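These notes are about the structure you will find just below.
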2 protein chains.
Amino acid sequence: MLTNRQLLILRAIIDDYIQTAQPVGSRTLSKRDDLTFSSATIRNDMADLEDMGLIEKPHTSAGRIPSEVGYRYYVDHLVEKQIIDERETGRLEERLKQSSKESEILIRQAADLLSDLTNYTTVALGPNSQSETLARVDFMPLDERRGVVLIVTDQGHVEHRTVMFESRVAPDVIEETIRLLNDRLVGTSIGQLKVRIGEEVAKLQLAQRQQYENMMQLIQSTVGIQTPSSLYLGGKKNIFNQPEFQTLDTLRPFLEWIDEQERLTHWLESLPNREIYVSIGSENGIVALQNCSVITSDYTLDGKTFGTIAMIGPTRMNYRHGVQMMGQIIEALRRTKLDE
Amino acid sequence: MLTNRQLLILRAIIDDYIQTAQPVGSRTLSKRDDLTFSSATIRNDMADLEDMGLIEKPHTSAGRIPSEVGYRYYVDHLVEKQIIDERETGRLEERLKQSSKESEILIRQAADLLSDLTNYTTVALGPNSQSETLARVDFMPLDERRGVVLIVTDQGHVEHRTVMFESRVAPDVIEETIRLLNDRLVGTSIGQLKVRIGEEVAKLQLAQRQQYENMMQLIQSTVGIQTPSSLYLGGKKNIFNQPEFQTLDTLRPFLEWIDEQERLTHWLESLPNREIYVSIGSENGIVALQNCSVITSDYTLDGKTFGTIAMIGPTRMNYRHGVQMMGQIIEALRRTKLDE
DNA sequence: GATTAGCACTCGTTAAATATGAGTGCTAAT
DNA sequence: ATTAGCACTCATATTTAACGAGTGCTAATC
């Protein structure tokens, strides 16, 4: 167990290191207003903190830097859980409201805002329509051989796909196909739509089948193309200002990783956490991000579950401020109304 | 005017420098099979080439590197205009065909392909719907207060916008509005749609106006939101392999510039050139790209004018190969059929 | 017994000193 | 006109030395 003074020292080391990115020495600490002890006393405690694995030395004659264990302790014990500053949240909400009522643009704006507020890179993932369910299918002919299939989800999202017929299809066949799909598939999750259409085709009577099979299969094939959830990266250039990313060895893996949209999407989708979660350094298990910490959270827009937002900075990130800002942003998003 | 030998030497210097990224010395050149002269002779010619501004020395005791003027001469006189290798084009066409019939995906694939082929970064800009014209408007109600407006262009592109009514609108009013829009606005360019709707509203009789004004204005406001032309960046990580981008001073401006999607889009749209065009070094007028050369070209997909594709590499890029590959790719795209 | 002053020691960083060698320009010989 | 020869230049690499922030330990002090 840590003594009170050790706690103070640990906190001071981390706070100092977060600000300067330089190893912190005992003399520097002893000069702080909140630490009234001599450097020798502090040195003794530092040795103890090091034994406990909370801090470490880059080399013999340097000061100490926090270890991952130290950061974890700091985040778990020394960062107060999100206290929402009403005034600040209101201001954020206002800025979001001004940008647009279009959800996509709002999300981007939120990511940019969070990025500006913290100077870290942010990633925002839009809603994953795969998990939404079908509310309505419709069809609109374009010309003799082409038409647009409209898919509306229960969350009010609309997608369209252009389909192309092999040959002319009678209007009433189209109409009937759409009616069938609406009758039988409303409520199906978008991800399963493809399979379910296949099942419905199988159920058709032989007479019907000849008529509708083509049309159904056509729709099935286009519906199978999943539009990836929209992904937005905000403040990517912020990374250039971080002292730990001033060399190509560290910068390159980071940038290469962050630019791989698909991988990034999968990673965000795989995060199990519903509320604000902090992953420190190698905890995230991603080699390219081993020197990064990530604050993630799911968010809701206008009350509806929407997506995931993440903030990526160096392990030496300002956790207190980061967690705080993340809380403010998701609260502001939650309160933002799409209509009215 | 250049002597034959000077031409040979200039070409050798550039070819060598393109490969090694190192200043080329007279001794190195004299050892080449295609240059049978002594290093001293070559030195004399090099001095002349330098006087003409075609090559320059980084410092007194280094070899020579091509100047921008030198590259320009090289590209204009020493790079043979695109000769299309039928077999290679066929192979590319095949690879494109396999990826998808969806134009968006095809374009991405083309950019990636070009990037793999050349090891440079590529940017592909999709069609700019602003310049296309309206072929059809349609409306599909979602519920009492919302609906989807479908906009189809002459090029067969479809866009949709969700609109929200203040209050319930009678179906026949909607129907009539859409009929009106179709009657009067088909053929209008998408970019002008907003203005044109305004004009049409002004023309309405007073009686009609009360009925349709709201609806029209609603559509007008959503139509005004221009969907930006789709932009795709391929092979961004290739830049990390270029020796001239191994330092943050050069890398950072490049990456920051390339990541600014809007600016990039505008830049690509502002390029006046219809056919393959090479911009060397500072010619492009962009500070962040002053050490880059760009090969750009408009492309057509399935015969229809589509967008712009660009290849960005260091000024020391392999122009011969780059121009060649660019030619192949746009030819392959031109031949790719979207339907069948 | 806890705290602090004092001091020898460590080791990464920086600066100056030196060596290396690729490449040039010029001159004189071919 | 071409080439061999040579003195000279200058970026780069290597070595050496000086510096100083910081530590751990011991002995004195509160």
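What you see is a predicted model, and the numbers here were worked out from it, not measured in a lab. Chain identifiers are assigned alphabetically (A, B, ...) following the order of the sequence lines, protein sequences preceding nucleic acid strands; residue numbering begins at 1 within each chain.
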Counting only heavy atoms not in Arg320(B), do more than 12 fall under 6.0 Å of its CZ? yes

Count the heavy atoms of every other residue, nucleotide or ligand shown that sit under 6.0 Å from CD of Gln19(A), and state whether that count exceeds 12.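 It does not: Gln19(A) CD has 12 such atoms or fewer within range.
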
Please determine whether a side-chain nitrogen of the Lys or Arg among [X] and [Y] lies less than 4.0 Å from a carboxylate oxygen of the Asp or Glu.
X: Arg64(B); Y: Glu56(B); answer: no
X: Arg72(B); Y: Asp76(B); answer: yes
X: Lys236(B); Y: Glu256(A); answer: no

With no hydrogens and no angle check, just 3.5 Å: does a side-chain donor-acceptor pair link [X] and [Y]?
X: Ser282(B); Y: Glu68(B); result: yes
X: Tyr74(B); Y: Asp15(B); result: yes
X: Asp112(B); Y: Tyr232(B); result: yes

Scan residues 30-40 of chain B for pairs that pass salt bridge (charged side-chain N to carboxylate O under 4.0 Å, His left out), counting only residues two or more places apart or in two chains.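 Salt bridge (charged side-chain N to carboxylate O under 4.0 Å, His left out) check on residues 30-40 of chain B returns Asp16(B)-Arg32(B), Arg32(B)-Asp34(B).
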
Measure the shortest side-chain to side-chain distance between Val294(B) and Val278(B) over non-hydrogen atoms and say whether it is less than 4.5 angstrom. no

Is any side-chain heavy atom of Met325(A) closer than 4.5 Å to one of Leu114(A)? yes

Parallel, tilted or perpendicular, as decided by the 30° and 60° cut-offs, for the rings of Trp257(B) and Trp267(B):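 The arrangement is perpendicular - the two ring planes meet at more than 60°.
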
Separation of dT3(C) P from Leu8(A) CG (nearest whole Å): 13 Å

Of the residues in residues 46-68 of chain B, which ones touch DNA chain C at a heavy-atom distance under 4.0 Å?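 Result for residues 46-68 of chain B: Met46(B), Lys57(B), Thr60(B), Ser61(B), Ala62(B), Gly63(B), Arg64(B), sorted by number.
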
Using side chain to side chain donor-acceptor pair (under 3.5 Å), reason through Asn238(B) and Ser115(B) one step at a time and then give a plain yes or no. CA-CA 8 Å; Asn238(B) 283 340; Ser115(B) 194; 3.1 Å; yes

Could you list all N or O pairs between the protein and nucleotides 28-30 of chain C that sit under 3.5 Å apart?
none

Involving DNA chain C, stems made of at least three consecutive Watson-Crick or G-U pairs, both distances under 3.5 Å: C:1-30 with D:1-30

Pair Phe254(B) and Phe245(B), ring centroids less than 6.0 Å apart: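 Under 6.0 Å, so yes.
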
Could you tell me whether Arg5(A) sits above the aromatic face of Phe37(A), with NZ or CZ closer than 6.0 angstrom to the six-membered ring centre and within 45 degrees of the axis?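 Yes, Arg5(A) and Phe37(A) form such a contact.
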
What residues from residues 16-35 of chain B pass a heavy-atom cutoff of under 4.0 Å to DNA chain D?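 Nothing qualifies; none.
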
What string of B, S and - do you get for nucleotides 1-7 of chain D, 5' to 3', when a contact is any protein heavy atom under 4.0 Å? -SBBB--

